[in-house]
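Structure record follows, encoded as structure tokens.
This structure is a prediction, so every number in the text was calculated from the model and none was measured. Read the numbers this way: they start at 1 and go in the same order the structure lists the ligands and their atoms. In what follows, every heavy atom counts, from backbone to side chain, and hydrogens, waters and symmetry copies are set aside.
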Amino acid sequence: MSAKKPVVIDLKFERREVDAALASAFPGRTVLHASDPDLDLSEARYAVIWKPEPNLFERAPKLEVLFSGGAGVDHILSMPNLPDIPIVRFVDESLTTRMSEWVVLQCLSHLRQAPAYLKQQREHHWRELSQPEAKDLTVGVMGLGVLGQDSVKKLKVMGFDVIGWSRSRKTIEGVETFDSGELDAFLARTDILVGLLPLTPDTRGIFDASLFAKLRQGGALGRPVFINAGRGGSQVDADLAAALGKGILGGASLDVFEQEPLPTDSPYWAMENVIVTPHAASASDVRALFRNAEAQMERHEAGQPLQHVVDRRTGY
Ligand SMILES: NC(=O)c1ccc[n+]([C@@H]2O[C@H](COP(=O)([O-])OP(=O)(O)OC[C@H]3O[C@@H](n4cnc5c(N)ncnc54)[C@H](OP(=O)(O)O)[C@@H]3O)[C@@H](O)[C@H]2O)c1
């Protein structure tokens, strides 16, 4: 059996976490750090990357496979001089579970009017609000991939009526599904819209004023709510802030933004009906990331096909 091929790490994650995970990762394999500018990376065959240095491919010209540090690959596909080699997405139960926790939490927070009760608490104001049930609300999930399908399942457990939209129609028990040509019909049914889409040329700016205007008005919460944990480039922040300001949307939970970190003067910070989290809905568990990458490297070296390879035509 041939020797294990070297791997270069270029992850803009918390360095301590990466180092701790590396202590027991990639046994028998040379691990190179791209963060050392003088290190010779020319023999590296794999790269595990998140927002890598632009000159990585010049320094490591013999790469055979790229591993994304997260589920999304927009940060890789937009790189200059990207070599024509397979890109593997990070798919792992830990990532999926974390995202579903965040999505369910946000849907329940708006259902149970958490922002309004927090405001009342700050004002020492005791007032019970009228309360719909989960079954009275339709949650529409845009993106029925690994993350969307798990979220849908868990939202069903909480009792929400759930519908889903994706490029190709999916069959999910108990969930009405729509394909890309049926967006308007999907939106007209949706009280809480959940975005779990990758950022691609087709999804850039998809969450805009015209889309928000098509969501169902007058549902059990009165006005529709927008929740996004896909990518900020899919939402038009000026349109979203305006829709919230004008009351076209009744609230939002936002983990991703056109500009990250969210600028300190963004109107979202001060909106009482908006919940902001700092792109933290589902962080990659670095140990799981390295375990997955090692397993795939072993498959590759054994002549087996890689899994979760990105389709460059669709961009995800
Ligand atoms: N905020 C965070 O912390 C965080 C963490 C992890 C991931 N994410 C984001 O979540 C995204 C989704 O992850 P995933 O693992 O679920 O991805 P995935 O398995 O690749 O699924 C993507 C889904 O989006 C649909 N889609 C893509 N382009 C579309 C289009 N133009 N029109 C309609 N549907 C479209 C796909 O449709 P088909 O099923 O027809 O292909 C698929 O259902 C990632 O790309 C990443 O950007 C965010």
Side-chain angles (χ1 to χ4, degrees), residues 11-14 50-51 67-78 87-106 140-155 162-172 175 177-187 190 193-208 211 226-235 252-258 260-262 275-286 288-289 292 307-316:
L11 292 168
K12 304 298 184 302
F13 291 168
E14 188 64 48
W50 184 253
K51 301 183 179 163
F67 294 93
S68 173
V73 290
D74 43 293
H75 67 111
I76 298 177
L77 291 175
S78 59
I87 304 168
V88 172
R89 290 185 334 112
F90 179 41
V91 175
D92 186 74
E93 199 189 340
S94 60
L95 194 80
T96 306
T97 302
R98 287 174 187 193
M99 181 57 85
S100 297
E101 288 168 359
W102 188 89
V103 168
V104 172
L105 172 69
Q106 302 311 323
V141 178
M142 284 177 79
L144 295 175
V146 176
L147 303 183
Q149 292 207 27
D150 193 66
S151 288
V152 158
K153 208 166 63 192
K154 289 169 180 166
L155 288 165
V162 184
I163 61 176
W165 180 84
S166 52
R167 215 156 54 93
S168 56
R169 187 191 301 282
K170 300 283 168 291
T171 304
I172 307 171
V175 175
T177 53
F178 298 74
D179 67 26
S180 53
E182 300 168 318
L183 182 58
D184 288 2
F186 163 85
L187 295 170
T190 295
L193 179 65
V194 175
L196 283 174
L197 287 169
L199 180 61
T200 71
D202 289 339
T203 64
R204 182 172 291 282
I206 192 170
F207 300 115
D208 64 2
L211 181 144
F226 177 57
I227 294 175
N228 194 13
R231 279 287 180 272
S234 296
Q235 89 203 8
S253 289
L254 306 171
D255 187 56
V256 290
F257 305 89
E258 275 183 88
E260 296 178 9
L262 184 63
I275 298 171
V276 168
T277 54
H279 203 138
S282 182
S284 297
D285 174 335
V286 194
L289 171 66
N292 271 269
Q307 300 161 312
H308 313 303
V309 175
V310 172
D311 178 345
R312 294 218 190 177
R313 282 170 310 127
T314 57
Y316 65 98

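- Given atom 21 (O) of ligand 1, the protein heavy atom at minimum distance is Gly145 CA, 3.1 Å.
- Residue contacts with ligand 1: Val146 is placed with a nitrogen or oxygen under 3.5 Å of a nitrogen or oxygen of the ligand (distance criterion only).
- Among all non-hydrogen protein atoms, the one lying nearest atom 9 (C) of ligand 1 is Gly230 O, 3.5 Å.
- Contact annotation for Leu196 and ligand 1: only backbone heavy atoms (N, CA, C, O) come within less than 4.0 Å of the ligand.
- Among all protein heavy atoms, the one lying closest to atom 48 (C) of ligand 1 is Ala229 O, 3.0 Å.
- With a heavy-atom cut-off of 4.0 Å, Met99 touches ligand 1 through its side chain alone.
- Put simply, part of Thr203 is less than 4.0 Å from ligand 1, judged by heavy atoms.
- Here the heavy atom of the protein found nearest to atom 39 (O) of ligand 1 is Lys170 NZ, 2.7 Å.
- Where the criterion is an N or O separation shorter than 3.5 Å, residue side chain and backbone included, Trp165 fails it with respect to ligand 1.
- Nearest residue to atom 1 (N) of ligand 1 from Leu197, Asp255, Leu144, Val310 is Asp255 (criterion: closest heavy atom).
- Between Glu101 and Lys154 there is no salt bridge, since no side-chain nitrogen of the basic residue lies less than 4.0 Å from a carboxylate oxygen of the acidic one.
- Residues Leu144 and Ile172 are in side-chain contact: their nearest non-hydrogen atoms beyond the backbone lie under 4.5 Å apart.
- Among all non-hydrogen protein atoms, the one lying nearest atom 3 (O) of ligand 1 is Ser282 N, 3.0 Å.
- Contact check for Leu196 versus Met142: no side-chain heavy atoms found under the 4.5 Å cut-off.
- Legend: residues meeting ring pair (Phe, Tyr, Trp, His ring centres under 6.0 Å) with His308, ordered by chain and number and at least two apart, are absent.
- Between Arg167 and Asp179 no salt bridge is recorded (no basic side-chain N to carboxylate O distance below 4.0 Å).
- Residue Leu95 places no N or O, backbone or side chain, under 3.5 Å from any N or O of ligand 1.
- Here the heavy atom of the protein found nearest to atom 31 (N) of ligand 1 is Asp202 CB, 3.5 Å.
- For atom 41 (O) of ligand 1, the nearest non-hydrogen atom of the protein is Tyr316 OH, 2.5 Å.
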